[in-house]
Each structure stands twice: as structure tokens, then as C-alpha cells.
Amino acid sequence: MRRADGGERRRPGKSEPPSGPLTRLYHAVPAVLMARRNLSRNRIRSALAALGIVIGVLAIASLGIFGTTLRAGTAAQLGDIGNEISVTPNQQAGVRNLTDRDVADIRRVAEGVVVPVESDTVTIERGRTRSIVAAYGIENPAALYEATDGRVPDRLRRGVLVGSAIGDRFDLVAGNTIAIDGRTYRVTAVLQEQSGITLLNPNNAVVVPPGAIPGDTYSQVVVRAATGAAANRSAESIRETLNRREDRVTVFELGTITQSINEVFGIINTFLIGVGSISLVVAGVSILNVMLMSTIERRQEIGVLRAVGVHRQQVMRMILAEAGLLGVIGGVIGSLLAIAVGMGLNQYVLQDPLATFSPTNLLYIVLAVGFALLTSLLSGLYPAWKAANEPPVEALRK
Amino acid sequence: MSIIELEDVWKVYDAGGERVEALRGIDFAVEPGEFVAVMGPSGSGKSTMLNVIGLLDSPTEGTVRIDGRDVTDLTDEEMTVERKRSIGFVFQSFYLIPSLSALENVELPTLFDHDHDSRGRAVDLLERVGLGDRLEHRPDQLSGGQKQRVAIARALVNGPRLLLADEPTGNLDRATGKEILEEFQLFKEEDDVAIVAVTHDPQVSRFVDRTVNLIDGRMESEGAWADA
């Protein structure tokens, strides 16, 4: 090890180096030391001023987190419908049905399983019960549905799948027979009840082999992609391919519904956060009040500071540090509380308390604390300016 | 050369449309190591004069010099710097900051500087005024005399050559007041600090080199002034 000779040497008799991070902070920013001491003089008053900030930050951050949770919860309810798109003939352009050629085009450009659907209305009959229901002719229903009883075959050649509501009404299990438009079919499976939004709700319908429905055109084609993005790309390609010359088909993406739901939640969230911000502004007013009172009480002290050679800006910095400290303390406590509230909420709604620490939520917390700090500093500005500009002679007058 | 010099200083206020002449042509000078008492009845302009000497207030007319430099028309910023460098203040009500320890109060004038020697100087000064064992005491744990000693140490921490005292014994009993005046004398002799004390206290005159009397904003002939 080599010591740089002739370099700066510490003068003897210097005070001992400051120890501890807090001492070092005070040493670097004496205004913070003064601010802390001044705030602890009237603890209750300072605590109440900080409480306003706590409430404001808690309001903003927890409402933000609430919105995120709500969105996540809804997305979970909606499930993977964002992966599905539906292609239907554009009736307005006079297109009644989709042809095999359309289906082939769709198969060529779509990423995912393509399910062409023929539709009809049929009469079903079992014993004395009869009913008119929708029938879907689907060759590969396993791509869309699951069964509660029996098995959904990859290729539906014979037999019929019945929706859950029909299964209940006709008291059907797999293996029963049922008459559809006078022809007898064996029930291959009873389908799971579909809740929420689906493109082709099977609850009140029967799924039959495509051959059972007259004609060889399709009323719609469902595409199920692996991801929402893939569904979106498929929708684009299908539009480009099939609608190149005329608007033959309408492509409906469930993803757009989720998107608009997200947008609605975004608006609700912004509104809630706006309401929360009002409480922070009120907190700012209370800080303004507290700081104004305490600077008036300390008028003479500030006069002394000015008399012994403390500059205006230094006085100002000191008082701004007080206001800022109130903001920081309130902000930290408020965000801790908001995290606690968020964890409780996420445990309840999503069964995942750690969802609170998503980037969006952290952004809300940072935003709330930042806003709190800004509000506090703005509120401290006038009292600080007033105190700093009071002539010391006036302040020290007996 | 005089530490401080007032030359034909006038201070005129406009108090509610009425012209108040607080100082009327004051000529005054203090030499290094001199202890001067300014006496006079209430409203005679003593405090105004102290404020002008202390660069807390500027005169309406006339010239103020510190060490021969004209400081009459300094900006607030420059006056603050000059106060810090050249002048110490001691007040009747001590004006210590209640949330700070004795030591921190003494360090107060240096608080916002990155002055690493100030701690040592502050400890020295407190030891010299006999409070070496009370460095960490808060003002409310100190007696009146002790508070005024802390205030004296605070006034001297930047090594000024002029100490201004506004009724320094005004809030103290006679015996304690005497101790404080002895403290002043000590610093005057050991550090060559010039002291100007505005006072009503007759016992001050026993400690000072000279007394000036102020009546209605004018300096009267030097000598003992007696309360009417």
C-alpha cells in the first residue's frame, strides 16, 4: 500500500468524523436536523399534519391497487376468451354463408384451431318432452368444449353432444338416445356448463355431426389461438385475405371486449385516484396551516438565525425541509398501509397477496408518494418564504 | 482603526403618517477591545442604534463603517455575510433554540456551513464560560445565567471582533448579571473583542470603559447617566 505523500493531510484537532447514517445526513444537510428537531417540538401537531398525508397517500395508492386487482379479477373471470375470434358472413353485403373455400382460406392464414360451424334450428324429443333448440354442426368440437359426462370426440361422426341445460331438462347422460328432427341419435357427451362470455354458447344447444345439417355452408367459423396476440394477428390476416375485394366477412375478436373492459376500468381507476388526490390536496392545506403557525410561533428564533448570519435561502430550506419531512413520513406510512390493504384485498380476490407488488401497483405507490412530497413542498413554500423574508429587526422587536 | 464607526447617522421612520426621528445625527466609534455602554431612557433610540451597528437595519442617512469599510449600502445578502463574520449578538431574552442542546445552540451560526472546526470552537467557548459539563443540556435545563452564557458563546463562535448586547442583564438578577458582565470583561481582555451593550442596568457602568447617553436620538456628553 502506498500513501500519497505531499497530499492533503487532515488537520489535527478536527472534530471526530460523524458516525451513523443519520448523523452523516444531518451533517450533510443541516436543514434536515433542524427540521426534525422542530417537528418533534410539537409532536401531536406534526403527527396530525402527517396524518393528512397518510390518508391521502393511502387513498391514492390503495384505490390504484384496488383497480389493478379488480382488473386482474375480471380477467380471470373472463378466462381465455381473448384467444378466440369468430368469423361470420357479412349479411349487409349480401353474404349469407361461408363456403368451404372461405374455410380453407381461413385455415391457411389463421394461427390456431379452426372450427367451422353449421347452424340450424331443430326439434328434439325424448319421451314426452320436446323442445326447439339450436343445433351446431361441428366436426371437431373437442377444440371448443369439454364434457361433464362422456367424452367429447376429436371427430364427431355419429352421436350428439348436448348442452348442460338440455341435459338437465331431458335428464340425459352419455349413452341415452334422443330424437332430433325425427332421427335418433346417441348422446356421446353432456357438455360442461359455460359461464361467462363465449362465442358459441352450447348450454341450450346440441352439437351434431356436420352431415346432420342440410347444406354444406357455414354460419360462422371460430378460431381458437394459443394467445391473445396470435388471435389478434389471425383476425388481421383473415380480414386481409377474405375481405380483399369486398367485405365478405365480419371478424369479431373477444379480445376487443377485454380491451374495452380494461379501458373502462382504466377510467374508473383514474376517477378513483382523482378522488384520492383531493384528500391529498386537503392534506396540503393542513400542512400549510401547520407550517404557517409554527413559523409565526418561531418568529424570534428565525430572527436570531438571520441575525447570526444565516441566509434567507438557508432559512427557507430549513422550513421546506420540515414540510418535506412531513410529506416523506406521511408518504412512507401511507404507502405501507396501502400495501397492507392491497395484500389483504389480493388475498381475498385473487388468493395471491404478492400480486400487490406488480409494477403497476408500485407505480401507483411511487406516484402517491411523489404527489405527497410535491404537495407538502408546495404547502411549505409560502410559510418558508414568509419566514425567510421577515426583517430580523421586526422579528426581534420586544 | 475603529472596529465600528457611525458618522452622522439618521434613522427616520414613517409611523402612521407621523415622522419619527429615532436617530438624529449620531457620531460614534468603538475601538478594538473597548467595552462601551449605551444608556438612555426608553424610546431614546438605543435599540435602533444597536440595530444599525449590528447591520440589522440600514440608516436613512449617514455612513456606517466596519474596520474602515463602508457598509452602509450593502444588500441583505452582503449584510448577512458581514454579520456572520464580524458581529456577535447577545439578547435580553437569550433567544436560544429550545429544541437544540447547548452545544448545538452555540454551533447554530455555523450550522449551515461545512465548517468542521466549529464543534471544537463551540466546546472551547462553552468550557470558557464554565458550561463544559452542560454541553448536551437543553435550554430548559439551564438557569437564566447559564442560558446567557450559552448565548455569549454562540455570539463568539465565528470569532467576531464586535459583540453587541441588548440589555444582556435585563432578565437576570443582580448577582447573575454581574457574573455575565464579568464574562464580557474576560472576553474583552483575552480576545480583544469590542463590546457595545445597550442597557438600563446601572451596575454595567462599573465594568465598561465608557458610557454614552442617548436622549431623543441624540448622543449626550459622555459620562454617567442617571435614571431620572
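None of these values were measured; they are calculated from a predicted model. Chain A is the first sequence line, chain B the second, and so forth, proteins listed ahead of strands; every chain is numbered from 1.
- Considering only heavy atoms from C-beta on, B:Tyr95 comes within 4.5 Å of A:Leu396 through its side chain.
- When the shell of 6.0 Å around CZ of B:Phe184 is examined, it contains more than 12 heavy atoms from other residues, nucleotides or ligands.
- Surrounding OH of A:Tyr348 are at most 12 heavy atoms belonging to other residues, nucleotides or ligands under 6.0 Å away.
- The 12-atom threshold is not exceeded at CG of B:Asp216, counting heavy atoms of other residues, nucleotides or ligands nearer than 6.0 Å.
- A 4.5 Å side-chain heavy-atom check between B:Leu108 and A:Glu301 finds every atom pair outside the cut-off.
- In this structure, chain A has a heavy atom under 4.5 Å from the side chain of B:Phe89, while its backbone stays farther away.
- In terms of non-hydrogen atom pairs under 4.5 Å with chain A, the most contact-rich of B:Leu56, B:Leu100, B:Asp76 is B:Asp76.
- In the displayed structure, B:Glu18 atom CD is contacted under 6.0 Å by at most 12 heavy atoms of other residues, nucleotides or ligands.
- Contact record, A:Arg41 with B:Pro98: NH1-CG, 3.5 Å, taken as the closest heavy-atom pair.
- Nearest heavy atoms, B:Ser99 versus A:Asn38: OG-OD1, 3.8 Å.
- Between chain B and the options A:Ala307, A:Gly303, A:Pro392, A:Ser40, heavy-atom pairs under 4.5 Å are most frequent for A:Ala307.
- Under a cut-off of 6.0 angstrom, the local environment of CH2 in B:Trp10 is crowded, with over 12 non-hydrogen atoms contributed by other residues, nucleotides or ligands.
- By the 4.5 Å heavy-atom criterion applied to side chains, B:Arg83 and A:Arg306 are counted as neighbours.
- Of the atoms belonging to B:Asp57, heavy atoms from both backbone and side chain fall under 4.5 Å from chain A.
- The number of heavy atoms from other shown groups lying within 6.0 Å of CZ (A:Phe271) does not exceed 12.
- Separation of atoms CD (A:Gln314) and CG (B:Asp113) is listed at 6.5 Å; rounding is to 0.5 Å.
- Put simply, the side chain of B:Phe91 does not reach to within 4.5 Å of the side chain of A:Gln300, judged on heavy atoms.
- To the nearest 0.5 Å, the span separating CG on B:Leu111 from CE on A:Met318 amounts to 9.0 Å.
- One finds no salt bridge joining A:Arg312 and B:Glu77 here, because no Lys/Arg side-chain nitrogen approaches an Asp/Glu carboxylate oxygen to under 4.0 Å.
- Residues B:Lys84 and A:Val310 are not in side-chain contact: their nearest non-hydrogen atoms beyond the backbone lie 4.5 Å or more apart.
- Between A:Met34 and B:Ile97, some side-chain heavy-atom pair lies under the 4.5 Å cut-off.
- Within the 4.5 angstrom heavy-atom criterion, only side-chain atoms of B:Arg154, from C-beta onward, approach chain A.
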